[in-house]
Protein chains: 2
Amino acid sequence: MGTRSVYVTKPRELIAGLLHAEPRFFSAAEIHRRLNEAHKVSLSTVYRTLEHLLERGEVAARSDDAGETTYKACEPAHHHHHAICTSCGRVEDVDCSAIEQLAESLRTVHGFALADHKMEFSGICSACR
Amino acid sequence: MGTRSVYVTKPRELIAGLLHAEPRFFSAAEIHRRLNEAHKVSLSTVYRTLEHLLERGEVAARSDDAGETTYKACEPAHHHHHAICTSCGRVEDVDCSAIEQLAESLRTVHGFALADHKMEFSGICSACR
DNA sequence: ATCAGTGCAAACCATTTGCAAATTA
DNA sequence: TAATTTGCAAATGGTTTGCACTGAT
């Protein structure tokens with residue numbers, strides 16, 4: 001599959017640059033605010049660019065606690081975890097003791113003090129198979 | 001800590017009843033639509049009741065792929081799962097091979113065909129400790 | 001010279017809020 | 001009766017869209 005050709009524009013370079021500069025999630029408004037400290041890029045362009053990057057798999061998105069969508073640069077579409085059936089929507093509550101190992105790995109490998117974690121699974125539940 | 005007293009009203013009974021009837025996430029609009037098939041409850045009351053149930057820890061909320069908030073009955077606030085530092089917002093990408101065990105458990109215990117999973121961790125990153 | 005990309009303003013839509021009327025305790 | 005809850009309609013706020021203009025190829 002060939003790479004779909006697109007224009008290289010200043011807004012795109014600026015936005016991708018900002019996202020790649022920090023390994024964290026940014027809201028569209030936050031990106032817009034930051035860019036406009038030194039440049040002029042409309043909020044709608046920020047949204048359209050993010051959508052563009054999302055389609056290309058160059059960024060990951062998630063909604064924060066307030067429900068606002070946030071974006072983060074993310075090379076290959078990487079790993080991101082309730083069991084929700086994609087067919088009927090049924091939710092299976094999953095008990096996950098294996099998380100303890102992940103918590104340990106987080107502390108060891110990332111020096112991250114795990115305070116809480118959230119998991120979400122998607123797939124086909126037993127009733128839909 | 002005493003139980004904060006509140007009124008027992010028809011809308012609250014109806015909404016809690018609907019949520020407890022199915023183990024899955026519902027959007028406020030969906031709940032409103034369903035209830036109004038046989039009763040009359042305003043959409044704002046649905047929102048206020050859900051907020052009420054959320055405060056009491058009787059329901060869990062999550063945003064679906066479209067960013068719409070959805071709710072599910074959930075006895076004790078139960079288990080739900082990127083490492084996001086609650087102090088600086090930094091994200092640590094976490095590799096999680098231990099998930100394989102969870103996938104196995106999902107298949108065995110729930111008969112759930114795991115197609116995808118998403119994990120999110122929160123805590124304090126190494127830089128903030 | 002094309003066709004994609006941008007800005008602006010208007011449109012959308014989920015969620016929230018003010019306030020008077022209805023309900024529960 | 002006193003205090004909470006509801007309904008309705010208007011206000012919010014994030015995100016999307018129509019359209020004419022600008023910029024990249």
Side-chain angles (χ1 to χ4, degrees), chain A residues 1-19 24-73 89, chain B residues 1-19 24-72 84 89:
Chain A
M1 48 186 179
T3 304
R4 221 178 328 240
S5 72
V6 287
Y7 294 177
V8 172
T9 65
K10 194 157 299 180
R12 289 183 177 171
E13 294 182 324
L14 290 171
I15 294 171
L18 171 53
L19 286 173
R24 70 180 193 80
F25 287 93
F26 294 88
S27 68
E30 191 171 4
I31 293 172
H32 180 242
R33 192 184 323 121
R34 292 205 175 199
L35 287 186
N36 288 9
E37 287 173 1
H39 308 75
K40 299 175 191 309
V41 175
S42 74
L43 181 54
S44 46
T45 291
V46 171
Y47 274 108
R48 285 187 283 224
T49 299
L50 289 170
E51 179 186 17
H52 177 257
L53 293 172
L54 219 39
E55 290 172 345
R56 310 202 125 210
E58 292 175 35
V59 303
R62 74 174 285 271
S63 12
D64 63 19
D65 293 330
E68 193 171 5
T69 305
T70 55
Y71 310 79
K72 172 187 172 298
Chain B
M1 48 186 178
T3 305
R4 220 176 331 236
S5 73
V6 287
Y7 294 0
V8 174
T9 64
K10 194 158 300 182
R12 288 183 177 169
E13 294 182 324
L14 289 171
I15 294 171
L18 171 54
L19 286 172
R24 71 181 191 79
F25 287 94
F26 294 87
S27 67
E30 192 172 3
I31 293 172
H32 180 242
R33 194 184 320 122
R34 292 206 177 198
L35 288 186
N36 289 9
E37 286 173 1
H39 308 75
K40 298 174 192 309
V41 176
S42 73
L43 181 54
S44 46
T45 291
V46 172
Y47 275 110
R48 285 187 284 224
T49 299
L50 288 169
E51 179 186 17
H52 177 257
L53 293 172
L54 218 40
E55 290 172 347
R56 309 201 125 210
E58 291 176 35
V59 303
R62 74 174 286 272
S63 15
D64 64 18
D65 294 330
E68 193 170 4
T69 304
T70 55
Y71 310 79
K72 173 186 171 299
I84 303 179

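All figures in this text were calculated on a predicted structure; none of them were measured in a lab. Naming convention: chains lettered A, B, ... in sequence-line order (proteins, then strands); numbering from 1 in each chain.
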Q) Should B/T69 and B/R62 be marked as a side-chain contact (heavy atoms from CB on, under 4.5 Å) after you check the CA-CA gap, both sets of side-chain angles, and the distance that decides it? A) CA-CA 6 Å; B/T69 304; B/R62 74 174 286 272; over 6 Å; no
Q) Pairs counted as Watson-Crick or G-U wobble with both distances under 3.5 Å: what dot-bracket string results for DNA chain C, using | for bases tied to another strand? A) ||||||||||.|||.||||||||||
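- Here the side chain of A/R12 pairs a donor or acceptor atom with the backbone of A/Y7 at under 3.5 angstrom.
- Protein atom CD of A/E68 is 17 Å distant from nucleotide atom P of C/dA14, rounded to whole Å.
- Distance A/N36 CG to C/dT6 C1': 13 Å, rounded to the nearest Å.
- Rounded to whole Å, atom P of C/dT6 lies 14 Å from atom NE2 of A/H39.
- The NZ atom of B/K10 sits 12.5 Å away from the NZ atom of B/K40 when rounded to the nearest 0.5 Å.
- Take the nearest nucleotide of DNA chain C for B/A28 and for A/K40: the residue whose nucleotide is more 5' is A/K40.
- Distance, A/H52 NE2 to D/dT16 P: 16 Å, rounded to whole Å.
- Considering CZ of A/F26 and CG of A/L19, their distance stands at 6.5 Å, rounded to 0.5 Å.
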Q. Can you check side-chain contact (heavy atoms from CB on, under 4.5 Å) on A/H39 and A/L14, steps first, answer last?
A. CA-CA 9 Å; A/H39 308 75; A/L14 290 171; 3.8 Å; yes
(Q) Please determine whether side-chain contact (heavy atoms from CB on, under 4.5 Å) holds for the pair B/L18 and B/R34, giving the CA-CA distance in whole Å, both sets of side-chain angles, and the decisive distance to 0.1 Å. (A) CA-CA 9 Å; B/L18 171 54; B/R34 292 206 177 198; 4.0 Å; yes
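- Expressed to the nearest 0.5 Å, how far NE2 of A/H32 lies from CD of A/E37 amounts to 11.5 Å.
- A/T49 has no side-chain polar atom (N or O) that falls below the 4.0 Å cut-off from OP1 or OP2 of C/dG5.
- As rounded to whole Å, 14 Å separates atom C1' of C/dA22 from atom CZ of B/R12.
- The main-chain N or O of A/V41 is never found under 3.5 Å from a side-chain atom of A/T45 such that the two would form a donor-acceptor pair.
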Restricting both atoms to N or O, compile the protein contacts to nucleotides 16-18 of chain C shorter than 3.5 Å, with distance only.
from	atom 1	to	atom 2	distance (Å)
C/dG18	O6	B/R48	NH1	3.4

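- Rounded to whole angstrom, the span from the NE2 atom of B/H32 across to the C1' atom of C/dC13 amounts to 15 Å.
- Within the 4.0 angstrom heavy-atom criterion, only backbone atoms of the sugar-phosphate kind lie near A/T69; the bases stay farther away.
- Taken to the nearest 0.5 Å, the OG1 atom of B/T70 stands 9.0 Å off from the CD1 atom of B/I31.
- Atom CD1 of A/I31 is separated from atom P of D/dG14 by 14 Å (rounded to the nearest Å).
- With rounding to the nearest 0.5 Å, the separation of CD in A/E68 from OG in B/S63 is 11.5 Å.
- Atom CD of residue B/E51 and atom OH of residue B/Y71 lie 8.5 Å apart, to the nearest 0.5 angstrom.
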Q. In B/S/- notation, 5' to 3', how is nucleotides 20-25 of chain D contacted by protein heavy atoms closer than 4.0 Å?
A. ---BBS
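- The distance from atom CZ of B/F26 to atom C1' of C/dA14 is 19 Å, rounded to the nearest whole Å.
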